[in-house]
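For the single chain, residues carry numbers from 1 onward in sequence order. Here the structure is a predicted model, which is why all the values come from computation and not from measurement.
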Amino acid sequence: GKDDASADEIMKLTASSLISSIGGTSGAIYGTAFMRMAKALKAGPADSLVKIGEVLQAGLDGAKMRGENTQVGDKTMIDALEPAVLAFKEKATAGASIQEACAAATDAAKAGSDSTIDLIAKKGRASYLGERSIGHRDAGSYGIYVFAKAVAAYVAEVLRKAEPYEKDYQRTGKCSQ
């Protein structure tokens, strides 16, 4: 059943759900990102922060490809997603904790989203506005920031709840549940 689904299966289910529930190109872009992450997870477990960074990179690559090679500066979700993934990977490579990597990704996503306010949209529906898009935040970039913030909060909560078990394990060598 779904309760014992593998990480790659969960990513595939997420992709399908996003594709069917989010309209326009955004659903396809999110779906492609999650499908690419599923493929990366199927190739091997994400058993370290560096591996998680590789999975996130696969998602970013998929999103950029589906968005017709969208780049930072095009005023799209990529303006938040790419800096977030790069910040996570940088922290992971430096040996940071998962909380530090998630916080860095969230900060980078926020800064990337903020940067879209002063840009002219080059891709997506907002590109039809031309210079009139200046002064408005890209909605997709803000969605990436909100997602990153939610993941960081979830990770912090899971670690907070696990702390007593970790202390017990350090003291006794066993984990009581």
Determine the minimum heavy-atom distance between Phe34 and Ala15, stating which atoms define it.
-> CB-CB, 3.7 Å
Indicate if [X] and [Y] have the same hydrophobic cluster label, given that clusters are the connected sets of ILVMFWY residues with side-chain heavy-atom separations under 4.5 angstrom.
X: Val72; Y: Tyr142; result: no
X: Leu81; Y: Leu18; result: yes
X: Leu56; Y: Val151; result: yes
X: Val155; Y: Val146; result: no

[Y] and [X], any side-chain heavy atoms less than 4.5 Å apart:
X: Lys51; Y: Pro45; value: no
X: Leu86; Y: Gln57; value: yes
X: Lys123; Y: Glu68; value: yes
X: Ile120; Y: Lys75; value: no
X: Ile98; Y: Cys102; value: yes
X: Gln71; Y: Lys122; value: no
X: Ile78; Y: Leu60; value: yes

Carboxylate-amine/guanidinium contact Glu82 Lys64, below 4.0 Å | yes
Distance, nearest 0.5 Å, that separates [atom1] of [X] from [atom2] of [Y]:
X: Tyr30; Y: Ser21; atom1: OH; atom2: OG; value: 11.0 Å
X: Thr70; Y: Ile29; atom1: OG1; atom2: CD1; value: 6.0 Å
X: Glu100; Y: Leu49; atom1: CD; atom2: CG; value: 9.5 Å
X: Glu163; Y: Leu159; atom1: CD; atom2: CG; value: 9.0 Å

Hey, mind stepping through Thr93 and Glu90 against side-chain hydrogen bond (donor to acceptor under 3.5 Å, both in side chains) and telling me if it holds?
-> CA-CA 5 Å; Thr93 302; Glu90 182 179 312; over 6 Å; no
For Phe147, ring pair (Phe, Tyr, Trp, His ring centres under 6.0 Å) partners two or more places apart = none
Residues that Thr32 engages under side-chain hydrogen bond (donor to acceptor under 3.5 Å, both in side chains), provided they are two or more places apart | Arg66
Salt bridge (Lys or Arg N to Asp or Glu O under 4.0 Å) involving Glu157 - partner list, sequence neighbours excluded = Arg160, Lys161
Carefully, step by step, assess Asp8 and Ser6 under the rule side-chain hydrogen bond (donor to acceptor under 3.5 Å, both in side chains).
-> CA-CA 5 Å; Asp8 65 289; Ser6 64; 2.7 Å; yes
For Arg137, the option from Asp114, Asp118, Thr116 that meets side chain to side chain donor-acceptor pair (under 3.5 Å) | Asp114
Take atom NZ in Lys91; do more than 12 heavy atoms of anything else shown fall under 6.0 Å from it?
-> no
Evaluate side chain to side chain contact (heavy atoms under 4.5 Å, CB included) for Met11 paired with Arg36, printing each intermediate quantity in order.
-> CA-CA 9 Å; Met11 290 292 177; Arg36 290 282 183 96; over 6 Å; no
